Amino acid sequence: MSEDFLRLAAPLPCQFYQRSDVVQIAQELLGKVLVTYIEGQLCAAKIVETEAYCGATDKACHAHMNRRTKRTEIMFAAGGVAYVYLCYGIHSLFNIVTNQEGNADAVLIRAGEPLYNLPAMRQRRGISNLDDFRLTAGPGALAKAMGITTAHYGVSLTDKTAIWIIDFESVSPEYIIKSPRVGVSYAGEDALLPWRFRIKGNKWCSPAK
DNA sequence: GTTATGATTTACT
DNA sequence: GTAAATCATAACG
C-alpha cells in the first residue's frame, strides 16, 4: 500500500452511497479502503466490519421514524457524507450517510485492518505493541486510530479532503458473516436484525462464532 | 434551566 | 464477568 496509490485512486462516487438499499451498501463496503488525511497524516484501513442503520423503520437508529434533531440532521442529507457523533462521552463513532436526501440511512464502520501509516494510528491510540488487534477493532477505536473526531461531522466522502473511501476488493457473499447488532438491546425486536456484517476469518474484527 | 442515558472501551474483581 | 469513565444530546420542566 503506497502513498501514491492512496492519493491517486478515485474515491467511490456519490452514486454508490445514494442507492436506496443501505443493507446492500453495508455489505459492499466490506473490503473497501477507508482513507483519512487528518493533521497531516495519511492513513488507510480496509473495512472489515460494518452495521446498517435504517432511519425510517429501525428502532436502533438515532433517526428512527425520521426523528430529526440537530444531531441526526446530517443523516437526512444525500448519501456520501460523514456522520460522526460522540458516544458515552468518550468515543467518536464514524458513520457513512447513504440514500437520497430525506432518507436517514447510514452505515456504521465498526472495524478495519490497518494498511498504511500504522505508527500514526498507534500513536493516536497510545498502543506500541506491533501486533495489537485492538488498534482498530471496535467503532470507537477505529475512529480514534484514523484521527476521526466530531469535527468531521458532515464532511464529504467524495472530494478527498479529510476522509474518503476507495475501491479495493469485493467480498463475495460466502465470506460475509451476518449477525445481530450489538449495544442496541433497547431497540426491542429490531435489535435482532442481522444487519452487522464481518469478513469471515479476518483477524482485525472480533472473532466469528 | 435540569437530568437521564448511550450504535463503547478499559480496567478491574 | 462486572463496573467505571465521562459528556453531548435529548427530553422534560
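Just so we're clear, the structure is a prediction, and the values are computed from it rather than from any experiment. In what follows, chains are A, B, ... by sequence order, proteins preceding strands, each numbered from 1. All values below were derived from every heavy atom in this structure, side-chain atoms included, with hydrogens, water molecules and symmetry-related copies excluded.
Of the candidate nucleotides C:dA10, B:dT10, B:dA7, C:dA10 has the atom lying nearest to any side-chain atom of A:Thr72. The listed nucleotides are C:dA10, B:dT9, B:dA7; the one nearest the side chain of A:Ala141 is B:dT9.
Atom C1' of C:dG1 sits at a distance of 23 Å from the matching atom of B:dA7, rounded to the whole Å.
Across A:Thr57, A:Thr98, A:Asn99, a single residue satisfies side chain to side chain donor-acceptor pair (under 3.5 Å) together with A:Asp105, and that is A:Asn99.
Between A:Arg181 atom CZ and B:dT8 atom P the separation is 11 Å, expressed in whole Å. Atom P of nucleotide C:dA11 and atom NE2 of A:His64 are separated by 12 Å, given to the nearest angstrom. Between the CZ atom of A:Arg71 and the P atom of C:dC7 there is a distance of 16 Å, given to the nearest Å. Summarising the geometry, the separation between OH on A:Tyr53 and C1' on B:dG6 is reported as 11 Å, rounded to the nearest angstrom.
A:Leu142 and A:Leu6 fall into different hydrophobic clusters, where Ile, Leu, Val, Met, Phe, Trp and Tyr are joined by side-chain heavy atoms under 4.5 Å apart, directly or via other members. In terms of hydrophobic clustering, with Ile, Leu, Val, Met, Phe, Trp and Tyr side chains grouped at heavy-atom distances under 4.5 Å, A:Met1 and A:Tyr37 are assigned to a common cluster.
Heavy-atom neighbours of A:Gln123 CD from other residues, nucleotides or ligands within 6.0 Å: at or below the threshold of 12. The neighbour count for A:Glu39 CD, taken as heavy atoms of other residues, nucleotides or ligands under 6.0 Å away, does not exceed 12.
Using a 5.5 Å limit on the distance between ring centres and a 30° limit on the angle between planes, the aromatic ring of A:Tyr186 does not count as stacked on the six-membered base ring of B:dG6.
Against DNA chain C, the stretch residues 81-97 of chain A makes heavy-atom approaches under 4.0 Å through A:Leu86, A:Tyr88, A:Gly89, A:Ile90. Heavy-atom distances under 4.0 Å link DNA chain B to no residue of residues 20-33 of chain A.
Figure legend. B:dA7 is base-paired to no nucleotide; pairs are counted as Watson-Crick or G-U wobble with both atom distances under 3.5 Å. Across all strands shown, nothing is found opposite C:dT6 as a Watson-Crick or G-U wobble partner with both distances under 3.5 Å.
Between A:Lys46 and A:Glu169 there is a salt bridge, since at least one side-chain N of the basic residue sits less than 4.0 Å from a carboxylate O of the acidic one.
When heavy atoms are screened at a 4.0 angstrom cut-off, A:Arg134 is found touching no nucleic acid atom at all.
Distances shorter than 4.0 Å separate none of the side-chain N or O atoms of A:Thr69 from OP1 or OP2 on C:dT9. Here A:His62 reaches the OP1 or OP2 of B:dA7: one of its side-chain N or O atoms lies under 4.0 Å away. Proximity of A:Arg67 to the phosphate of C:dA10: no side-chain N or O atom is located under 4.0 Å from OP1 or OP2.
In this structure, a donor-acceptor pair under 3.5 Å is absent between the side chains of A:His62 and A:Tyr53.
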